[in-house]
Structures are given as structure tokens and as C-alpha cells.
Amino acid sequence: MSGHFPFIGKANRLAVFAFFEDHGMSVALQEKYYRWWHEWTKNFVAKDPDLALTKAVELSHFPFGQHAHLNFHLHDYMWATPMLDLGKFIENVIFPKLDDKAMHQLEREHEKMLEEIGHEAAQNPRAAPPEIGRYRHT
């Protein structure tokens with residue numbers, strides 16, 4: 001059902017990074033994509049009594065996750081790792097709480113948001129990758 005979310009299943013930071021690359025997202029658009037999910041998650045957690053008590057404090061910080069401010073080797077494409085941290089929380093904790101109707105609504109909202117980001121990406125193309133590649137060990 002939600003296989004088009006970049007953090008589903010066995011996804012890792014490379015899969016999320018590839019999703020961003022595939023959609024032509026600049027660093028700013030990656031952050032925008034992440035913020036959309038962060039706000040969606042924060043709102044969901046605030047409305048869920050159990051999650052509000054246990055996770056709201058973690059979502060009060062931006063970005064979310066243990067790797068929130070780490071760029072690893074992505075050369076200024078830091079949003080892949082925090083998106084994976086947040087995404088795994090969404091996949092493992094929130095998605096099981098959603099019924100089919102709520103999941104389909106989320107998919108529609110996600111598609112709409114991706115379409116908007118696609119328009120922005122077309123107007124402001126991402127800078128060409130450096131010759132050394134964005135993902136390398138240094």
C-alpha cells in the first residue's frame with residue numbers, strides 16, 4: 001500500500017538518498033520534504049494519547065532522531081539519514097495505527113506534496129554532482 005514512501009521496508013539512507021536524487025530534490029527541497037513528514041508525525045503524535053506521552057518531547061526538536069544533525073558522507077545531503085530515522089518511527093509505530101482509509105488519505109496527501117516539490121525542482125534544478133560523487137568515504 002505505502003511502498004512508494006522512501007523509508008519503507010529494508011530502506012537505508014542510500015535508498016532515501018536515491019529517492020531524493022530521483023525526484024531532483026535540492027538540499028532545500030529535501031528539507032521541505034522532511035519537514036512535511038516531521039509536521040505530519042508531530043500532529044499525529046499530539047492527537048494520540050499514548051504517543052503524546054512518550055514521543056511528543058522527541059518531536060519537539062527539529063530534526064528528529066539520533067542522527068539528526070549528521071551528514072555522514074553525503075556531502076551536504078544530510079536529510080537522507082534523519083528522514084530514515086523519522087520514517088522508521090512512522091513505519092513501525094504510526095502506520096500500524098492507521099486504517100485503510102487513513103492510509104489512502106496519507107498517500108493522496110503525499111502524492112500532492114511530491115507533485116508540488118516536483119514543480120519546484122523543475123524551476124530550480126539541483127546543482128550537478130561533483131566529480132568525486134556525493135556518497136564516498138573520506
Side-chain angles (χ1 to χ4, degrees):
M1 181 185 304
S2 58
H4 62 282
F5 299 138
F7 47 81
I8 296 298
K10 294 182 179 182
N12 57 29
R13 68 180 185 237
L14 288 175
V16 176
F17 180 71
F19 176 85
F20 290 156
E21 289 278 310
D22 187 48
H23 286 85
M25 292 185 202
S26 64
V27 175
L29 290 177
Q30 291 175 42
E31 180 179 357
K32 184 175 182 172
Y33 181 84
Y34 177 88
R35 279 187 185 276
W36 186 89
W37 276 111
H38 189 271
E39 288 303 310
W40 181 87
T41 304
K42 193 171 160 181
N43 291 335
F44 186 93
V45 165
K47 294 173 187 170
D48 184 281
D50 294 330
L51 292 176
L53 290 173
T54 58
K55 291 293 184 180
V57 68
E58 292 180 42
L59 286 159
S60 66
H61 306 290
F62 183 88
F64 170 87
Q66 65 181 4
H67 302 102
H69 298 285
L70 298 178
N71 202 14
F72 287 101
H73 313 291
L74 294 179
H75 299 283
D76 298 324
Y77 275 60
M78 63 126 341
W79 292 105
T81 304
M83 184 69 247
L84 186 63
D85 284 349
L86 181 62
K88 289 303 176 186
F89 171 71
I90 293 167
E91 178 185 20
N92 297 321
V93 177
I94 295 179
F95 282 177
K97 293 176 171 270
L98 298 179
D99 61 15
D100 284 343
K101 182 179 178 185
M103 185 59 89
H104 288 302
Q105 178 62 30
L106 174 61
E107 289 173 337
R108 285 189 295 274
E109 292 170 6
H110 181 254
E111 287 298 320
K112 181 180 177 193
M113 181 265 303
L114 272 180
E115 190 175 309
E116 292 171 10
I117 283 180
H119 291 306
E120 288 184 49
Q123 293 172 353
N124 301 304
R126 187 181 72 238
E131 289 184 27
I132 59 168
R134 294 200 191 279
Y135 191 84
R136 71 172 185 143
H137 288 52
T138 55

Could you give the distance from [atom1] ([X]) to [atom2] ([Y]), rounded to the nearest 0.5 Å?
X    : Y    : atom1 : atom2 : answer
F44  : I90  : CZ    : CD1   : 10.5 Å
N124 : H119 : CG    : NE2   : 13.5 Å
D48  : T54  : CG    : OG1   : 8.0 Å
T81  : M83  : OG1   : CE    : 11.5 Å
L51  : I94  : CG    : CD1   : 6.5 Å
W37  : W79  : CH2   : CH2   : 16.0 Å

Original post:
Would you call E111-R108 a salt bridge at under 4.0 Å N-O?
Top reply: no
**OP:** For the pair K32 and E116, find out whether any cationic side-chain nitrogen is under 4.0 Å from an anionic carboxylate oxygen.
**Re:** no
Work out which heavy atom in [X] is nearest to a heavy atom in [Y]; give both atom names and the distance.
X    : Y   : result
P6   : A11 : O-CB, 3.3 Å
A52  : A46 : CB-O, 4.0 Å
H4   : F19 : O-CE1, 3.9 Å
A102 : D99 : N-OD1, 2.7 Å

Original post:
Taking it one step at a time, do L114 and Y33 satisfy side-chain contact (heavy atoms from CB on, under 4.5 Å)?
Top reply: CA-CA 8 Å; L114 272 180; Y33 181 84; 3.8 Å; yes
Original post:
Under 3.5 Å, is there a donor-acceptor pair linking the side chains of E107 and H110?
Top reply: no
Original post:
Is the backbone of I8 close enough, under 3.5 Å, to the side chain of E91 for a donor and an acceptor to pair up by distance?
Top reply: no
Subject >> salt bridge (Lys or Arg N to Asp or Glu O under 4.0 Å) evaluation trace for R35 with E39 >> reply: CA-CA 6 Å; R35 279 187 185 276; E39 288 303 310; 5.7 Å; no
Original post:
Do K112 and E115 pass the salt bridge (Lys or Arg N to Asp or Glu O under 4.0 Å) test, and can you show the C-alpha distance, the side-chain angles, and the key distance before you say yes or no?
Top reply: CA-CA 5 Å; K112 181 180 177 193; E115 190 175 309; over 6 Å; no
Subject >> F5 side chain near L106 side chain, heavy-atom distance below 4.5 Å >> reply: yes
